Amino acid sequence: MIKLGEIQSLTIERRAEHGVYLKDLESGGEVLLPRKYVSEDMHTGESVEVFVYKDSEDRLVATTEKPLLTVGKFALLKVVQVNSTGAFLDWGLVEKNLLVPFGNQKQRMVEGQSYLVGLYEDRVTHRLAGTARLAVMLEDAAGRLAEGEAVEIIVWEKTDLGVKVIINQKYSGLIYHNEIFRKLRTGDSLMAYVKTVRGDGKVDISLNPPGYAAVEPNAQQILDKLEKSGGFFPATDKSDPEEIKKHFAMSKKLFKKSIGALYKQRLIDIREDGIWRVGNNGG
C-alpha cells in the first residue's frame, strides 16, 4: 500500500512523458515521480526511496526530497506565508509548503517565526496537514517506558512546573524547573532519561542519567572547567547552589557527588578556597 506522508521504497514500473510511475508491489498501487526528480541511473524494476504527498489538485505524487517530518512526527518549522486559510510552513519540500489551518494553531502564527508542529492525515479530506495542538497526537506512555531508560526528546514548551518535552516522537514528558541547568529552546533535540513513569501515564524526565552514571560526564565537565581556569576554581561543596548552576550547569547535589568521585580518584584536591587540579599549583 502506498503510504501518504511517509518515506517508502517503491519500484520503478514504467517511464512516461512527465516522469516515471512507481509501484507498490504488494498492493499494486502506482504514483508518479515527476521528471525533475528522475535521474539517469534510475531503471525499470529498481527500487527508489520517496516521500508521498498530495499536489494542489489532490493527486498523489512522489518526491525524492526528504521532508523535515513525516506522519505522526514532530519538528520545528518556519512560517513562510500566512493567508486567509492558515499558515504555510517550510517542511523541506520545494513544490509544496505545509498548511497549518487556523483551527490547529494555539496562537496565530506569524510569518518568519518558527513553531513546533506535528504532521497528520486529515480523516475527512485525506490530506496532510500540520498542527500546533500536539497533545492530541501523543500516546499514553503507561507500560511503554522504563525508569532509567535513555530516550530522545524534543523540547516542547514551558509550564509553571517545568518544560514539557516530546519523548521518542510519541509521548509527553516533563522536566522540572529545579532539574534544568542549561538553556532549553523549543525544538531542541537531545538525549535524556526517564526518571519516573506515574500511574496515570505521565512521565518525569531527567537530563542526567540515573544514579552514579551521571557522575562521569559531569566530573569531566568539572575537569574541563579547571583546565580552562588554570587548574583552580573557587567552588566547593559549600558554594551557593545558584553559583554552581551558573558555572557548571548542574545541581549542587550532583556537583558534590562529582567532585567527591574526582577526589577519590586523586584527580583534584578540595580546599577551603576552592578545588585544585592535582598537579597544578600545589595539587
Side-chain angles (χ1 to χ4, degrees), residues 74-76 78 114 116 145-169 171-197 202-283:
F74 308 86
L76 187 72
K78 186 176 182 179
S114 296
L116 188 64
L145 293 171
E147 294 185 2
E149 179 179 347
V151 293
E152 293 183 6
I153 64 170
I154 299 176
V155 177
W156 180 359
E157 61 185 4
K158 291 182 179 179
T159 71
D160 292 339
L161 293 175
V163 174
K164 290 175 70 174
V165 299
I166 296 173
I167 306 167
N168 292 344
Q169 293 274 359
Y171 318 112
S172 173
L174 180 71
I175 308 173
Y176 288 97
H177 282 307
N178 64 357
E179 296 185 8
I180 299 174
F181 304 99
R182 54 177 290 185
K183 189 169 185 178
L184 298 178
R185 294 180 293 265
T186 298
D188 283 351
S189 297
L190 58 156
M191 291 297 298
Y193 303 87
V194 177
K195 184 178 181 181
T196 306
V197 181
K202 293 182 179 180
V203 184
D204 295 340
I205 290 291
S206 173
L207 295 176
N208 293 309
Y212 196 80
V215 172
E216 185 176 349
N218 287 287
Q220 185 60 53
Q221 184 176 331
I222 293 171
L223 291 178
D224 292 342
K225 189 78 170 181
L226 288 172
E227 186 72 24
K228 292 178 181 178
S229 59
F232 168 76
F233 198 85
T236 69
D237 56 3
K238 296 179 181 178
S239 296
D240 183 85
E242 288 302 315
E243 285 297 308
I244 292 173
K245 178 180 178 180
K246 175 182 176 181
H247 293 293
F248 295 96
M250 66 182 75
S251 67
K252 183 172 181 178
K253 180 179 179 181
L254 189 53
F255 175 77
K256 290 173 64 176
K257 184 181 289 188
S258 298
I259 63 174
L262 291 171
Y263 180 78
K264 289 180 180 178
Q265 297 175 58
R266 299 183 180 179
L267 295 174
I268 65 169
D269 191 12
I270 303 173
R271 302 181 183 178
E272 289 187 6
D273 58 347
I275 50 178
W276 292 84
R277 181 74 161 93
V278 169
N280 290 82
N281 297 324

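What you see is a predicted model, and the numbers here were worked out from it, not measured in a lab.
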Considering all heavy atoms, the nearest Leu116-Gly187 contact:
CD1-CA, 4.5 Å
Looking only at heavy atoms, which two atoms of Ser229 and Phe232 are closest? And how far apart?
OG-O, 2.7 Å
Distance (rounded to the nearest 0.5 Å) between Asp269 CG and Ile275 CD1:
10.5 Å
Within the structure provided, determine whether Val155 and Leu184 are in side-chain contact (heavy-atom separation under 4.5 Å).
yes
d(Trp156 CH2, Ile167 CD1) to nearest 0.5 Å is 10.5 Å
Measuring from atom CD of Glu152 to atom CD1 of Ile166, what distance do you get when rounded to the nearest 0.5 angstrom?
13.0 Å
Sorted by chain and number, sequence neighbours left out, side-chain hydrogen bond (donor to acceptor under 3.5 Å, both in side chains) with Asn168 holds for none
Looking only at heavy atoms, the pair that brings Tyr193 and Val151 closest together is N-CG2, 4.2 Å
Sequence neighbours excluded and cut-off under 3.5 Å, please list the side-chain donor-acceptor pairs for residues 171-183, or say none.
residue, atom, partner, partner atom, Å
Tyr176, OH, Arg198, NH2, 3.2
His177, NE2, Thr159, O, 3.0
His177, NE2, Gly162, N, 3.4
Glu179, OE1, Lys195, NZ, 3.4
Glu179, OE2, Lys195, NZ, 2.2

Heavy-atom closest pair, residues Ile205 and Ala192
CG2-CB, 3.6 Å
Quick one: list whatever passes side-chain hydrogen bond (donor to acceptor under 3.5 Å, both in side chains) with Glu243, sequence neighbours left out.
His247
Check the pair Arg185 / Asp188 against side-chain contact (heavy atoms from CB on, under 4.5 Å), numbers first and verdict last.
CA-CA 6 Å; Arg185 294 180 293 265; Asp188 283 351; 3.6 Å; yes
Looking at every heavy atom in both Asp273 and Thr236, which two are closest together, and how far apart are they?
C-CG2, 4.5 Å
I need the Lys225 NZ to Ile222 CD1 distance, nearest 0.5 Å.
11.0 Å
How long is the gap from CD1 on Ile154 to CG on Leu190, to the nearest 0.5 Å?
10.0 Å
Using a 3.5 Å distance criterion without hydrogens, assess whether the side chain of Arg277 forms a donor-acceptor pair with backbone atoms of Leu267.
yes
Distance-only donor-acceptor pairs under 3.5 Å for side chains of residues 248-256, two or more places apart:
residue, atom, partner, partner atom, Å
Ser251, OG, Leu254, N, 3.1
Lys252, NZ, Asp237, O, 3.3
Lys252, NZ, Ser239, O, 3.0

Counterpart residues, salt bridge (Lys or Arg N to Asp or Glu O under 4.0 Å), relative to Glu149 (two or more places apart)
none
Output the distance between atom CG (Leu226) and atom CD1 (Ile259), rounded to the nearest 0.5 Å.
10.0 Å
Under the salt bridge (Lys or Arg N to Asp or Glu O under 4.0 Å) test, residues paired with Lys164 that sit two or more places apart
Glu157
